[in-house]
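Remarks on the structure that follows.
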Amino acid sequence: MKRIEAVNDFVVKFANVNGSGSASANELFAKSFLRMGVPVSPRNIFPSNIQGLPTWYEVRVTEKGYLGRRGGVDLLVAMNPQTWDRDVAEIEPGGYLLYDSTKPLPASKLRADVHAIGVPLTEMCNAAYGDPRERQLLKNIMYVGVLAALIGIDPATIAELVGEQYKGKEKLLTPNLDAFRKGYRYAQEHLDDALGLRVRRAANVGDRIFVDGNSAAALGCLYGGATVCAWYPITPSSSVAEAFQKYCSKLRVDKETGENRFAIVQAEDELASIGMVVGAGWNGARAFTATSGPGVSLMAEFIGLAYFAEIPVTIIDVQRGGPSTGMPTRTQQADLLSCAYASHGDTKHVLLFPEDPHECFEFAAQALDLADRLQTPVFLMTDLDIGMNQRLTAPFRWDDSRRYDRGKVMTARMLEDGREFGRYLDVDGDGIPYRTWPGTHPSRGAYFTRGTTKDAYARYSEAGPDYVANVQRLLKKFETAKALVPAAVERRAAQPARVGAIYYGSTSPAMSEAIDQLEAREMPLDTLRLRAFPFGDEVARFVAAHDTLFVVEQNRDAQLRTMLVNELGVDPARLVPVLHYDGTPITARFIVEAIAERLSGANVKPLKRGKVA
């Protein structure tokens with residue numbers, strides 16, 4: 001039987017039971033590769049209950065630095081009998097199955113084209129430890145010991161990580177190190193050359209950091225000047241507010257008085273949380289909320305108020321599988337339409353699409369600037385894959401000389417000098433009016449904030465011309481936003497290409513690898529990574545330059561494709577949807593197969609240099 005042989009390029013998947021204590025051991029395994037200088041990209045796939053259902057942890061090891069899911073599994077660590085058949089089916093031919101062999105397995109449970117590696121983990125734990133709960137927990141670190149010996153992970157690296165994890169907790173540190181060593185010794189003594197997957201020290205991690213997108217977004221909000229956060233708990237966004245609380249407690253407490261220079265409110269529901277954020281924005285504070293699709297649905301009325309009354313609001317939407325309750329612990333990019341046009345009536349909202357934690361940090365701070373500058377709701381569109389999974393990313397940078405863009409705020413001095421103030425008066429031609437903050441002046445600059453129709457001076461009006469002038473100005477403001485939001489990133493193929501692909505957000509890591517694989521098949525592809533809505537002029541130019549465009553996204557209804565057709569007037573026949581929506585992060589293999597099948601069927605060839613299509 002053939003076997004997979006690979007160095008620094010393989011996929012390990014753990015199949016566990018939720019609540020069994022496997023998460024910390026699996027994460028420790030992933031981090032060990034980083035300590036050896038080899039890039040790694042782990043993904044935690046977990047159930048929405050607390051305990052008992054299946055959970056998986058997939059570790060992509062690749063010296064080349066690809067951070068998306070590849071597709072397929074080279075080594076499965078099978079610790080959950082409930083999902084055995086399904087898990088074993090994922091292993092690549094010639095791959096490996098590591099399992100607890102305490103109880104013999106019938107031959108029907110194994111695959112003839114997969115190398116089975118049995119380790120009596122339960123038997124070993126029962127012999128060494130007395131407490132039943134301790135046995136269960138230590139079985140996890142024991143299989144990490146087995147893997148370390150088989151793959152070639154430096155045991156000192158694991159010991160260092162265990163020491164960091166249980167620093168100051170000697171009662172936990174000692175048995176964990178003991179269980180790790182027992183597993184390591186067993187593999188050395190009984191499993192010689194059982195595995196063809198090896199790790200070799202490299203230097204490909206560099207100065208990159210290992211962080212999740214929710215923590216990055218929270219830190220971006222803090223550096224971006226947010227002082228108010230109102231939220232209601234919902235998976236997968238809750239850790240945004242929790243991280244913001246942690247960072248504020250360190251960095252936003254007055255050193256002299258000990259007073260908090262921030263306000264964080266866990267509201268009674270999503271409607272209350274967005275209401276508080278709208279109120280704080282109206283009052284001049286930088287405020288945000290974090291939620292997911294169901295929360296956005298509930299917030300729609302207040303979002304419409306903020307849009308029409310022109311109040312700065314930042315909303316971090318960590319998308320998950322929908323509709324309704326949907327798949328709370330699975331990832332999707334399925335909120336584009338509901339956010340871009342949130343609320344009833346004619347609305348258009350600014351959306352930012354970060355690809356990784358680094359952009360979560362940058363775009364969170366930028367969202368607060370944009371909300372103030374444009375006086376409107378701004379959405380940071382992340383998702384569970386980015387938000388809750390740790391990822392290698394460029395270190396965060398912040399220029400201490402940077403000044404917050406508060407937009408057009410009329411001061412007391414300006415009012416005293418006789419400047420005309422009309423709350424909804426477009427004086428500069430960009431659609432953005434001046435605003436005042438409460439208490440700016442004792443007798444000037446006041447206005448009535450309303451969600452009803454009004455004239456340029458905020459006076460109630462049902463006159464058709466006043467309404468039309470107002471909503472047309474809002475469209476002009478949205479047009480102004482095109483020059484302010486992050487521009488799309490274009491990548492030209494090595495050879496001139498007649499086809500292109502458009503993608504965004506968490507699809508980016510898998511897409512980067514897919515592009516390389518397609519070029520290796522002589523299927524060159526120009527690509528455009530969207531980073532914001534409204535779409536800038538560069539998007540229209542890219543679309544116009546290609547006959548066929550693949551639109552790669554993670555939802556059923558091709559929502560980005562719909563927006564491209566709606567906003568740019570593109571012929572739908574030119575936009576080929578590539579859709580992945582089973583709740584797991586998209587893989588490079590899925591993208592390559594979808595695009596290659598279409599290109600092969602169309603017999604598309606690369607253009608010769610100097611020629612045009």
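Treat the numbers as computed from the prediction; the structure is a model and nothing was measured.
The two residues T329 and F46 make their nearest non-hydrogen contact at OG1-O, 2.5 Å. Closest heavy-atom contact between I386 and P354: CD1-O, 3.3 Å. Residues M36 and G152 approach most closely at CE-O, 3.9 Å, considering heavy atoms.
Residues S239 and N214 have side chains that bring a donor and an acceptor to within less than 3.5 angstrom of each other. Of the N and O atoms on the side chains of W56 and N80, not one donor lies less than 3.5 Å from an acceptor on the other residue. Under 3.5 Å, the side chains of D9 and Y66 contain no donor-acceptor pair of N or O atoms. Side-chain atoms of D178 and Y129 form a donor-acceptor pair, as typed in the model, at a separation below 3.5 Å.
For the salt bridge (Lys or Arg N to Asp or Glu O under 4.0 Å) criterion with E92, the lone passing option out of K2, R589, R111 is R589. Between R529 and the options E359, E553, E490, a salt bridge (Lys or Arg N to Asp or Glu O under 4.0 Å) holds for only E359.
Taking 4.5 Å as the limit, every side-chain heavy atom of Q165 sits out of range of all side-chain heavy atoms of E27. Contact of the Y184 side chain with the Q188 side chain is registered, since non-hydrogen atoms from C-beta on lie closer than 4.5 Å.
For R320 and D335, the salt-bridge test fails: no basic side-chain N is under 4.0 Å from an acidic carboxylate O. Here R200 pairs with E63 in a salt bridge; the nearest charged N to carboxylate O distance falls below 4.0 Å. Residues D385 and R391 are paired through a salt bridge, judged by an N-O separation under 4.0 Å between the basic side chain and the carboxylate.
Every residue meeting the side chain to side chain contact (heavy atoms under 4.5 Å, CB included) condition with T393, not counting sequence neighbours, appears here in chain and number order: I209, V211, D356, P357, H358, F396. Taking Q319 as the reference, nothing meets the side-chain hydrogen bond (donor to acceptor under 3.5 Å, both in side chains) condition, with sequence neighbours excluded. For the salt bridge (Lys or Arg N to Asp or Glu O under 4.0 Å) test, residues two or more places apart in sequence or in another chain that qualify with E5 are R3.
Rounded to the nearest 0.5 Å, atoms CD1 (I45) and CG (N16) are 12.0 Å apart. To the nearest 0.5 Å, atom CD of residue Q554 and atom OG1 of residue T584 are 8.0 Å apart. Distance NE2/H115 to CG/L110: 12.5 Å, rounded to 0.5 Å.
Aromatic ring orientation, F29 versus F14: perpendicular (interplanar angle above 60°, classes split at 30° and 60°).
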*Criterion side chain to side chain contact (heavy atoms under 4.5 Å, CB included) on D557 and T562, from CA distance to verdict*: CA-CA 8 Å; D557 292 342; T562 298; over 6 Å; no
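Counting heavy-atom neighbours within 6.0 Å of R556 CZ, excluding the residue itself, gives a total of 12 or less.
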